[in-house]
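Written below as structure tokens is the structure these notes are about.
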Amino acid sequence: GDSVTQTKGPVTLSEGTSLTVNCSYETKQYPTLFWYVQYPGEGPQLLFKVPKANEKGSNRGFEATYDKGTTSFHLQKASVQESDSAVYYCVLVLSNNRIFFGDGTQLVVKP
Amino acid sequence: DPKIIQKPKYLVAVTGSEKILICEQYLGHNAMYWYRQSAKKPLEFMFSYSYQKLMDNQTASSRFQPQSSKKNHLDLQITALKPDDSATYFCASSQEQGGAEQFFGPGTRLTVL
């Protein structure tokens with residue numbers, strides 16, 4: 001079936017260290033992949049999306065490559081800040097418009 | 001001005017009662033969605049509507065019924081409330097269904113006693 005799996009949190013890092021949140025997906029369709037971020041007390045908001053395989057998306061220093069070969073879309077950032085503390089969701093949207101959110105990964109960045 | 005309005009912000013209900021959660025979007029979008037987020041479960045997709053028609057329903061219970069009286073409205077009626085229904089319910093919208101960015105409202109926090 002169709003699904004998306006991401007790193008189970010919480011992930012706790014010190015400011016200035018690097019981040020990787022793994023995201024793997026399963027589908028026989030041609031998905032569009034998204035990363036959303038949710039700050040405390042707010043609804044999720046788009047971080048970036050990548051509609052095509054083998055392309056990279058980026059925003060605010062975060063980036064991810066849509067790897068069709070390994071069916072992965074890992075989120076990375078070279079140097080996290082305390083303000084990056086939030087919950088990050090990997091999202092799969094299929095060609096039949098079905099939507100699958102990952103379980104979310106809580107990131108805690110300590111100063 | 002807020003682009004997606006959800007009312008009320010907080011809601012307390014008793015078990016067995018019925019409530020309606022309101023969602024209005026002023027983004028001119030054609031697709032609208034409902035999600036649920038609780039302490040026990042992460043963000044769960046519930047429904048999607050496109051041009052006021054139900055497109056996808058991933059909610060098992062018929063106690064949850066979306067209602068679209070206008071293009072920019074998608075309310076959520078919940079009947080026979082249970083304590084397990086306690087959660088924050090988010091409404092979202094996008095220009096079109098599918099691969100478009102979704103914009104989320106601030107949520108309605110429902111507590112069922």
Side-chain angles (χ1 to χ4, degrees), chain A residues 1-11 21 23 25 27 29-53 55 57-60 62 66 73 86-107, chain B residues 2-7 9-10 21 23-25 27 29-51 53-59 66 74 76 87-110:
Chain A
D2 306 307
S3 66
V4 58
T5 305
Q6 61 181 98
T7 300
K8 186 173 174 61
V11 172
V21 178
C23 172
Y25 65 90
T27 183
Q29 297 187 39
Y30 299 93
T32 295
L33 300 175
F34 300 75
W35 277 102
Y36 277 79
V37 57
Q38 184 177 23
Y39 297 101
E42 299 181 9
Q45 56 185 270
L46 179 69
L47 191 53
F48 56 83
K49 78 172 189 181
V50 180
K52 293 183 181 178
E55 291 190 354
S58 63
N59 188 18
R60 306 185 213 169
F62 291 90
Y66 180 161
F73 190 51
V87 179
Y88 293 82
Y89 292 94
C90 184
V91 181
L92 181 74
V93 178
L94 303 181
S95 51
N96 62 0
N97 297 325
R98 295 208 85 189
I99 302 167
F100 296 87
F101 270 69
D103 286 349
T105 301
Q106 182 180 8
L107 171 65
Chain B
K3 303 297 186 185
I4 300 181
I5 297 172
Q6 289 190 245
K7 294 184 287 190
K9 187 172 178 61
Y10 301 99
L21 281 55
C23 177
E24 305 171 8
Q25 56 92 1
L27 294 164
H29 288 169
N30 297 309
M32 296 186 71
Y33 312 84
W34 276 104
Y35 293 83
R36 174 172 54 192
Q37 186 172 50
S38 68
K40 296 178 183 179
K41 294 184 179 180
L43 197 65
E44 295 178 86
F45 170 83
M46 299 179 73
F47 300 98
S48 67
Y49 267 65
S50 180
Y51 293 91
K53 293 184 179 179
L54 178 66
M55 302 305 292
D56 194 8
N57 176 358
Q58 294 186 28
T59 302
L74 186 64
L76 182 64
T88 299
Y89 290 81
F90 289 102
C91 175
S93 71
S94 63
Q95 186 61 53
E96 301 291 341
Q97 198 184 14
E101 175 182 2
Q102 291 187 30
F103 293 81
F104 284 76
T108 291
R109 182 178 292 182
L110 171 65

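Just so it is clear, the structure is predicted and the values come from calculations on it, not from any experiment. Letters A, B, ... mirror the listed sequences (proteins, then strands); counts begin at 1.
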Go through A:D103, A:V93, A:I99, A:V91 and name the one with the most non-hydrogen pairs under 4.5 angstrom from chain B.
A:I99
Interface check, chain B: of A:P44, A:G104, A:G41, most non-hydrogen pairs under 4.5 Å belong to A:P44
Check side chain to side chain contact (heavy atoms under 4.5 Å, CB included) between A:T32 and all other residues, then give those that pass, not counting sequence neighbours.
A:F34, A:K49, A:P51
Between CD on residue B:Q102 and CZ on residue A:F101, distance to nearest 0.5 Å:
5.5 Å
Residues in salt bridge (Lys or Arg N to Asp or Glu O under 4.0 Å) with B:D56, at least two apart?
A:R98
Donor-acceptor contact present, side-chain A:Y89 to main-chain B:P42, <3.5 Å
no
Between chain A and each of B:Q97, B:E44, B:K41, B:Q6, count heavy-atom pairs under 4.5 Å; write down the option with the most.
B:Q97
Largest heavy-atom contact set with chain A, pairs under 4.5 Å, which of B:G105, B:A31, B:A100, B:C91:
B:A100
Contacting region of B:F45 [heavy-atom separation from chain A under 4.5 Å]:
side chain
For A:Y30, does the OH atom have more than 12 heavy-atom neighbours from other residues, nucleotides or ligands under 6.0 Å away?
no
